[in-house]
2 protein chains.
Amino acid sequence: MADMQTLGELEQLILLAILRLGPEAFGLSIARELELQAGRRLSRGALYTTLDRLELKGLVRWKLETGGPERAGLPKRLYTVSARGVSALRASQRVLDRMWRGLDDIFGERSS
Amino acid sequence: MADMQTLGELEQLILLAILRLGPEAFGLSIARELELQAGRRLSRGALYTTLDRLELKGLVRWKLETGGPERAGLPKRLYTVSARGVSALRASQRVLDRMWRGLDDIFGERSS
DNA sequence: CAAATCGAGTCTACAACGTAGACTATGGCG
DNA sequence: CGCCATAGTCTACGTTGTAGACTCGATTTG
């Protein structure tokens, strides 16, 4: 795992949204979570291309959910973050955290 | 300041590096700080084009320092982060913070 | 049942951001 | 002067972020 390429800003947010949603993470719910929590509105394109690229890098996976009782047979992709995805996310967090350290008092917002 | 466009991942780091360095922030010292704190190595190109773009967006400014005693007359650009730069940075932090909230326990690293 | 609608995902194209490395210019030094 | 070092410029390209029109099956509705 020598040099893990860095995550883009949106990539981070999408990974985080998936983690937040747990087993209910599919395309549009991810977009909703992002808008709700981060005030960030995405188009379909923005969402799915990023998801595809994360998949390509092995940071997320998905399996089809074949519809339950309601939504008879209408499948959707349930996304999960892979172990490598979690690591990449933590690496990004670690770097930012380190760079903020000492500045929090002056410019920061970390309320808790 | 309705919708402040989001900062790229490197843009955030460079802004933070400048804040950390205070009055000693010029091109190469920024690169050094980034490597030191974040383990992120940048080429000249990566550094200055990003700096130029931040300037264009009004997030950083610089003034020439005309050499002191040593370095007689050799000028360098001393960078500072503008008020808008600080806001943009805080906005990014706020979003990430919010997205991480609740996940810290499971996946987080925030040691303190 | 055809038409309108909705939810989920695909595809194409382009703008913005991240990156490298060769190049210029000026000063110090043997 | 020739050479090394520092600070910054320029060109070019790969990666990430973005929009919106399109497909396709299901549900609603007149």
Side-chain angles (χ1 to χ4, degrees), chain A residues 3-15 17 21 24-35 38 40-60 62-79 88 92 95, chain B residues 3-15 17 21 24-35 38 40-60 62-79 88 92 95:
Chain A
D3 72 324
M4 194 151 37
Q5 79 230 285
T6 63
L7 294 172
E9 179 262 342
L10 178 60
E11 290 180 323
Q12 288 180 51
L13 295 181
I14 287 188
L15 252 16
L21 290 166
E24 267 316 310
F26 64 96
L28 296 197
S29 73
I30 296 173
R32 264 181 247 125
E33 178 74 3
L34 237 45
E35 170 146 29
R40 173 76 152 267
R41 170 170 293 162
L42 295 184
S43 66
R44 285 342 194 342
L47 176 62
Y48 286 106
T49 50
T50 304
L51 244 12
D52 287 351
R53 299 204 267 239
L54 286 170
E55 183 187 355
L56 220 64
K57 297 197 226 165
L59 305 181
V60 302
W62 52 270
K63 59 184 210 302
L64 272 187
E65 180 195 52
T66 319
E70 77 302 312
R71 271 194 74 57
L74 261 203
K76 51 188 175 182
R77 298 180 161 189
L78 293 184
Y79 281 89
S92 301
V95 164
Chain B
D3 73 323
M4 192 149 43
Q5 79 231 286
T6 63
L7 294 172
E9 179 261 342
L10 178 59
E11 292 180 322
Q12 288 181 51
L13 296 181
I14 288 189
L15 250 17
L21 290 165
E24 269 315 312
F26 64 98
L28 296 197
S29 72
I30 295 172
R32 264 181 248 123
E33 180 72 2
L34 237 44
E35 171 146 27
R40 173 75 154 267
R41 171 171 292 161
L42 297 184
S43 66
R44 287 339 195 346
L47 176 62
Y48 286 106
T49 52
T50 302
L51 244 12
D52 288 352
R53 299 204 267 238
L54 287 171
E55 183 187 356
L56 220 64
K57 297 197 225 164
L59 305 181
V60 302
W62 52 270
K63 58 184 212 302
L64 271 188
E65 180 195 53
T66 320
E70 78 300 313
R71 273 195 72 60
L74 261 202
K76 52 189 174 182
R77 300 180 159 189
L78 293 185
Y79 280 90
S92 300
V95 165

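Note on naming: letters A, B, ... go to the chains in the order of the sequence lines (proteins, then strands), and numbering restarts at 1 for each one. It should be emphasised that the depicted structure is a prediction, and the values quoted were computed from it without experimental measurement.
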On a heavy-atom basis, the closest approach of A:L7 and B:E9 is O-CG, 3.4 Å
On DNA chain C, nearest-nucleotide positions of A:F26 versus A:G45: which is more 5'?
A:F26
Closest contact, heavy atoms only, A:F26 versus A:Y79
CA-CD1, 4.3 Å
Mark yes or no for a side-chain to base donor-acceptor pair under 3.5 Å between B:T49 and C:dT19, with no hydrogen or angle criteria applied.
yes
Nearest whole angstrom, please: distance from the C1' of C:dC17 to the CD of B:E9.
10 Å
To the nearest Å, how far apart are A:L42 CG and D:dG20 C1'?
14 Å
Just to confirm, is there a sub-4.0 Å distance from OP1 or OP2 of D:dT9 to any side-chain nitrogen or oxygen of B:R77?
yes
Atom-pair distance (CG on B:L15; P on C:dG18), nearest Å:
11 Å
Ion pair A:E33/A:R40, N-O distance below 4.0 Å
no
Atom-to-atom span, CZ of B:R53 to C1' of C:dA15 - whole angstrom
11 Å
It should be established whether B:R32 places a side-chain nitrogen or oxygen under 4.0 Å from OP1 or OP2 of nucleotide D:dA7.
yes
Below 4.0 angstrom, N of the basic side chain to O of the carboxylate: do B:K57 and B:E11 qualify?
yes
Rounded to whole Å, please give me the gap between CG in A:D52 and C1' in C:dC11.
10 Å
Are any of A:R40's side-chain N or O atoms less than 4.0 Å away from OP1 or OP2 of D:dT18?
yes
Take atom CG of B:L47 and atom P of C:dG18, then tell me their distance rounded to the nearest Å.
12 Å
Distance test, side-chain N/O of B:Y48 to OP1/OP2 of D:dG8, below 4.0 Å:
yes
Would you say A:K57 reaches D:dT15's phosphate, i.e. side-chain N/O to OP1/OP2 under 4.0 Å?
no
Does A:L10 or A:R44 map to a spot on DNA chain D nearer the 5' end, using the closest nucleotide for each?
A:L10
A:T50 (side chain) and D:dT16 (base): donor-acceptor pair under 3.5 Å:
no
Protein-nucleotide distance (B:R41, atom CZ; C:dG18, atom C1'), rounded to Å
17 Å
Find which nucleotide of DNA chain C each of A:L78 and B:T6 is nearest to by heavy atoms, and output the residue with the more 5' nucleotide.
A:L78
For atom CG of B:L54 and atom C1' of C:dG18, their distance in whole Å:
12 Å
So, for A:L34 and A:A17, which heavy atoms are closest and what is the spacing to 0.1 Å?
CD1-CB, 3.7 Å
